[in-house]
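Inspection log for the structure reproduced underneath, given as structure tokens.
The first residue of the sequence shown is numbered 1, and numbering continues consecutively from there.
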Amino acid sequence: QVQVVESGGGLVQAGGSLRLSCAASRRTSSTINMAWFRQAPGKEREFVAAINWSGSSTYYADSMEGRFTISRDNAKNTVYLQMNNLKPEDTAVYYCAAARLWTTVRNAYDYWGQGTQVTVSS
């Protein structure tokens, strides 16, 4: 069982930056892959970025690549999402998730956090 808790959301102006954190309840280095998803009002939850258990591989949704960076610190059991050049369309609840599979498929992720709100004003 892995429990994850997100933090770092907030209100930011367009063009600004935020760093989200995801703290896990136990060691995440034991072949647990991590990802961020987001859900805007009235829309389905969508994939944002993923990082494998060692941090050696990352994958991004096309619209986020170049602006968002996912990283992890297994010593701190924490995954980060650095978001730069934020746009109003990035406004959503951002969720951290954990999976044993290396995948971008939402339903393959076994453990989810409660989410953290990110609001980007124009």
Side-chain angles (χ1 to χ4, degrees):
Q1 185 80 13
V2 177
Q3 293 181 328
V4 294
V5 178
E6 305 94 336
S7 62
L11 174 64
V12 64
Q13 289 188 333
S17 298
L18 280 175
R19 188 176 81 156
L20 306 182
S21 298
C22 171
S25 61
R26 67 169 179 83
R27 287 179 58 84
T28 58
S29 60
S30 53
T31 67
I32 292 292
N33 303 301
M34 305 292 291
W36 289 94
F37 290 76
R38 70 184 186 184
Q39 188 167 17
K43 295 187 177 181
E44 291 193 356
R45 194 170 299 187
E46 64 175 345
F47 170 78
V48 173
I51 188 165
N52 74 335
W53 68 274
S54 67
S56 61
S57 294
T58 58
Y59 191 79
Y60 298 91
D62 289 344
S63 61
M64 290 71 162
E65 191 155 17
R67 298 190 299 125
F68 291 7
T69 302
I70 189 171
S71 61
R72 68 190 297 163
D73 183 341
N74 285 340
K76 296 182 178 179
N77 297 336
T78 302
V79 175
Y80 304 98
L81 184 68
Q82 177 67 43
M83 305 185 294
N84 298 327
N85 190 23
L86 283 162
K87 305 175 182 180
E89 52 263 42
D90 293 318
T91 295
V93 178
Y94 283 71
Y95 296 91
C96 180
R100 291 176 175 80
L101 297 176
W102 176 233
T103 179
T104 64
V105 176
R106 181 183 64 196
N107 291 341
Y109 281 80
D110 306 299
Y111 307 105
W112 292 84
Q114 296 287 336
T116 184
Q117 176 70 47
V118 171
T119 303
V120 184
S121 63
S122 58

Phe37 and Val93: side chain to side chain contact (heavy atoms under 4.5 Å, CB included), yes or no, with the steps? CA-CA 8 Å; Phe37 290 76; Val93 178; over 6 Å; no
Answer yes or no: is there a side-chain heavy-atom contact under 4.5 Å between [X] and [Y]?
X      : Y      : answer
Glu6   : Trp36  : yes
Val118 : Met83  : yes
Thr91  : Gln117 : yes

Looking at [atom1] of [X] and [atom2] of [Y], how far apart are the two atoms once the value is rounded to the nearest 0.5 Å?
X      : Y     : atom1 : atom2 : value
Arg72  : Ser21 : CZ    : OG    : 13.5 Å
Thr69  : Arg19 : OG1   : CZ    : 11.5 Å
Tyr109 : Cys96 : OH    : SG    : 9.5 Å

Using side-chain hydrogen bond (donor to acceptor under 3.5 Å, both in side chains) as the criterion, list what pairs up with Ser17, not counting sequence neighbours.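 Once residues adjacent in sequence are excluded, the partners of Ser17 under the side-chain hydrogen bond (donor to acceptor under 3.5 Å, both in side chains) criterion are Asn84.
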Tell me, please, which residues at least two apart from Glu89 pass side-chain hydrogen bond (donor to acceptor under 3.5 Å, both in side chains). none
Tell me whether the rings of Tyr95 and Trp112 are parallel (<30°), tilted (30 to 60°) or perpendicular (>60°). perpendicular
Given Arg100 and Tyr111, is the side chain to side chain contact (heavy atoms under 4.5 Å, CB included) satisfied, shown in steps? CA-CA 10 Å; Arg100 291 176 175 80; Tyr111 307 105; 3.6 Å; yes
What heavy-atom pair brings [X] and [Y] nearest, and what distance separates the two atoms?
X      : Y      : result
Ile32  : Ala98  : CG2-CB, 3.7 Å
Pro88  : Ser122 : CG-CB, 3.9 Å
Thr104 : Tyr59  : CG2-CD2, 3.5 Å
Tyr94  : Asp90  : OH-O, 2.6 Å

Would you say Leu81 ends up clustered with Val4 if hydrophobic residues are merged whenever their side chains have heavy atoms under 4.5 Å apart, either directly or through other cluster members?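 Yes, because Val4 and Leu81 connect within a single hydrophobic cluster, where side-chain heavy atoms sit under 4.5 Å apart.
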Would a single hydrophobic cluster contain both Trp102 and Phe47, if residues Ile, Leu, Val, Met, Phe, Trp and Tyr are joined by side-chain heavy-atom contacts under 4.5 Å?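 Yes; Trp102 is reachable from Phe47 via cluster members.
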Between [X] (side chain only) and [Y] (backbone N and O only), is there a donor and an acceptor less than 3.5 Å apart?
X     : Y     : result
Asn52 : Asn33 : no
Thr78 : Lys76 : yes
Arg67 : Asn85 : yes

With respect to Tyr80, which candidate in Leu20, Ile70, Asp73, Ile51 satisfies the side-chain contact (heavy atoms from CB on, under 4.5 Å) definition?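 Exactly one candidate clears the test, Asp73.
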Once salt bridge (Lys or Arg N to Asp or Glu O under 4.0 Å) is applied, what residue pairs with a partner in residues 41-54 remain, sequence neighbours excluded? Arg38-Glu46
